[in-house]
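Structure first, commentary second.
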Amino acid sequence: MLFVASVFAQTDFSGNAAVTVNADIPESDGYSSLLNPGNMMGITDISMTPSMTLKLDTGDDTTAFSAWFSLKEYPLGQGLLAAAYGDSTQSNAAAEFISAAGDSLYYFDLLRLRANVYLTDSISLEVGRQSMLTGYGYGWNPVDFADPLKDPMNPDADMKGVDAVVLKAYLGGTVSLNLYSLFPRNFLFTGLNYKDVKPGGELTVSLPRVEFKLAGLGDFTSNAGDDSYTTAAGAAVNLDLAGIGVYGEVSARKGSRNYFAEAGGAGLPVKKTSWLFSFLAGLEYTFTSEGNLVIEYFYNGEGYDKNERLDYKTTVETFPVPTAQLYKMYLPGYFARQYVLFNFEQPFYNVHTDMSASVLYSPDSGALMVMPSLTYTFSGSFEVNIGYAGMFDTDSSDFNEVTASPVHHVVKAVFTYSF
């Protein structure tokens with residue numbers, strides 16, 4: 001009994017349950033757009049989505065284990081109606097199935113599952129699904145070669161980890177080295193070939209008021225369409241200048257992770273194979289009121305210039321229904337070449353409220369996204385967040401994220417209970 005009590009004393013079980021209410025604001029033609037012709041996705045004005053995240057963390061002096069799960073609702077009905085769009089027989093059959101079976105499917109998603117053991121006082125081995133998040137950017141991280149792309153409009157998008165084996169070495173209090181192998185998930189096969197494993201590493205040097213990183217990733221596959229990884233190298237630096245955080249990241253990739261439309265919209269989209277460069281520059285300052293301001297500029301070497309955006313538009317218009325590949329090419333916050341992000345957060349402790357506002361603007365495409373929100377904490381466990389996300393097209397002569405999106409304005413309320 002004493003042994004059991006000792007083990008459970010080192011185990012932490014936590015998580016949260018959330019209910020999200022979305023209120024979409026339709027345009028004059030409803031929710032029909034280039035990527036949602038005739039509202040084939042079945043988007044409605046109001047929706048309610050419950051979700052839950054469960055976290056189990058345990059360990060002792062030399063080992064640690066974490067398992068994170070999420071319970072989410074998948075809009076099965078929207079997917080079936082979209083797949084059957086344009087065929088009245090299939091649409092009727094899908095509607096009958098949805099009526100009988102329901103329009104949603106709940107499923108568990110494994111976010112993280114990793115075990116860590118200290119081989120010595122300064123060397124550890126971590127195995128399993130884990131977060132490899134690195135870099136200093138708030139909205140983007142060009143030097144993060146392992147994780148999926150961050151989403152400036154969804155801070156929770158980086159919760160899901162990647163499958164990897166990582167050897168970590170801590171050389172004093174100044175230098176740390178991570179050597180890893182990634183095992184990209186393949187949904188068609190249960191295993192990988194040796195060449196599919198991605199080796200990488202990161203060196204971090206921490207000095208007073210300055211820290212910098214060197215990172216790299218190798219890719220042995222020659223086929224640009226195999227996965228979303230490419231050979232890459234990058235560097236990042238973070239400086240403390242009189243209380244102002246100044247940081248930057250730069251990366252070079254041998255080819256793109258995303259597809260590009262052929263010139264003139266002819267043919268199927270392809271990936272680039274040339275070297276592409278991206279960089280980020282940012283400032284962060286915390287005021288005496290504890291308000292925090294972040295300003296970032298991001299040059300996206302994998303983004304589309306004006307001609308490439310028009311080629312994408314032409315390609316989408318050639319298909320009766322947009323393909324999955326074309327949907328994947330549409331990434332708000334990554335669609336254009338240049339972005340500027342302003343984010344401000346201010347806590348008001350005396351009234352248990354936090355205010356935040358983000359503005360995302362693309363100087364080259366004219367896309368503007370505004371995202372204010374207010375969070376009120378009823379107790380230490382229950383809070384409600386009310387926010388608005390709006391997309392505006394400031395350059396009607398260009399094609400951008402706003403042009404293609406079926407929903408431009410959303411009011412959202414998220415009720416969260418943490419335990």
Side-chain angles (χ1 to χ4, degrees), residues 4-23 46-61 63-73 106-116 129-131 133 136-139 147 150-161 243 245 284-294 341-358 370-389 410-419:
V4 173
S6 175
V7 171
F8 278 92
Q10 301 176 66
T11 300
D12 180 30
F13 179 77
S14 61
N16 64 71
V19 176
T20 301
V21 179
N22 281 319
I46 300 177
S47 63
M48 177 180 289
T49 305
S51 63
M52 179 180 291
T53 301
L54 304 174
K55 300 179 181 180
L56 174 67
D57 297 287
T58 187
D60 53 32
D61 293 339
T63 61
F65 174 79
S66 294
W68 293 11
F69 303 88
S70 70
L71 178 64
K72 294 182 178 179
E73 181 182 24
Y106 290 91
Y107 67 99
F108 267 106
D109 190 15
L110 180 62
L111 301 177
R112 300 183 191 179
L113 183 69
R114 59 101 186 176
N116 181 75
R129 184 161 299 174
Q130 55 193 284
S131 174
L133 183 63
Y136 305 109
Y138 177 86
D147 286 294
K150 290 178 68 175
D151 185 351
M153 301 181 68
N154 180 16
D156 295 332
D158 58 0
M159 287 188 64
K160 190 167 186 176
E284 181 178 14
Y285 182 72
T286 300
F287 299 89
T288 55
S289 64
E290 298 193 35
N292 180 261
L293 175 66
V294 173
L341 172 67
F342 297 87
N343 184 78
F344 180 74
E345 298 180 7
Q346 176 64 60
F348 298 96
Y349 298 112
N350 57 330
V351 290
H352 312 291
T353 302
D354 291 289
M355 179 195 73
S356 67
S358 294
V370 180
M371 295 160 283
S373 70
L374 200 66
T375 301
Y376 179 77
T377 303
F378 289 91
S379 67
S381 300
F382 185 73
E383 69 177 30
V384 58
N385 173 272
I386 298 177
Y388 162 78
V410 180
V411 178
K412 177 185 294 187
V414 183
F415 303 87
T416 304
Y417 185 85
S418 301
F419 52 89

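Everything numeric in this text was worked out from a predicted model, so none of it was measured. Only this structure's heavy atoms are used, side chains among them; waters, hydrogens and symmetry mates stay out.
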Side-chain heavy-atom pair [X], [Y] within 4.5 angstrom cut-off:
{"X": "Thr377", "Y": "Phe382", "value": "no"}
{"X": "Phe378", "Y": "Val384", "value": "yes"}
{"X": "Asn343", "Y": "Tyr138", "value": "yes"}
{"X": "Leu54", "Y": "Phe108", "value": "yes"}
{"X": "Thr49", "Y": "Val19", "value": "no"}
{"X": "Ser289", "Y": "Gln346", "value": "yes"}

Just verifying a value: how many Å separate [X] [atom1] and [Y] [atom2], rounded to the nearest 0.5 Å?
{"X": "Phe348", "Y": "Thr353", "atom1": "CZ", "atom2": "OG1", "value": "8.0 Å"}
{"X": "Glu284", "Y": "Leu293", "atom1": "CD", "atom2": "CG", "value": "8.5 Å"}
{"X": "Leu111", "Y": "Ser66", "atom1": "CG", "atom2": "OG", "value": "12.0 Å"}
{"X": "His352", "Y": "Tyr376", "atom1": "NE2", "atom2": "OH", "value": "5.5 Å"}
{"X": "Lys55", "Y": "Phe13", "atom1": "NZ", "atom2": "CZ", "value": "11.5 Å"}
{"X": "Asn16", "Y": "Glu383", "atom1": "CG", "atom2": "CD", "value": "9.0 Å"}

- Between the side chains of Glu290 and Tyr349, does any donor sit under 3.5 Å from an acceptor? yes
- Item | Modelled atom types, side-chain donor and acceptor of Thr375 and Asn385, under 3.5 Å | yes
- Item | Residue from Asp60, Asp57, Asp61 passing side chain to side chain contact (heavy atoms under 4.5 Å, CB included) with Gln10 | Asp60
- Ring centre gap for Phe287 and Tyr285 strictly below 6.0 Å: yes
Only distances under 3.5 Å count here; give the side-chain donor-acceptor pairs of residues 411-419 to other protein atoms, sequence neighbours excluded, each with its distance to 0.1 Å.
none

- Where do Leu110 and Phe69 come nearest, in terms of heavy atoms and distance? CD1-CE2, 3.4 Å
- Minimum heavy-atom distance Gly161-Arg112, with the two atoms named: N-CG, 4.1 Å
- For Arg129, the salt bridge (charged side-chain N to carboxylate O under 4.0 Å, His left out) test, sequence neighbours excluded, returns Asp163
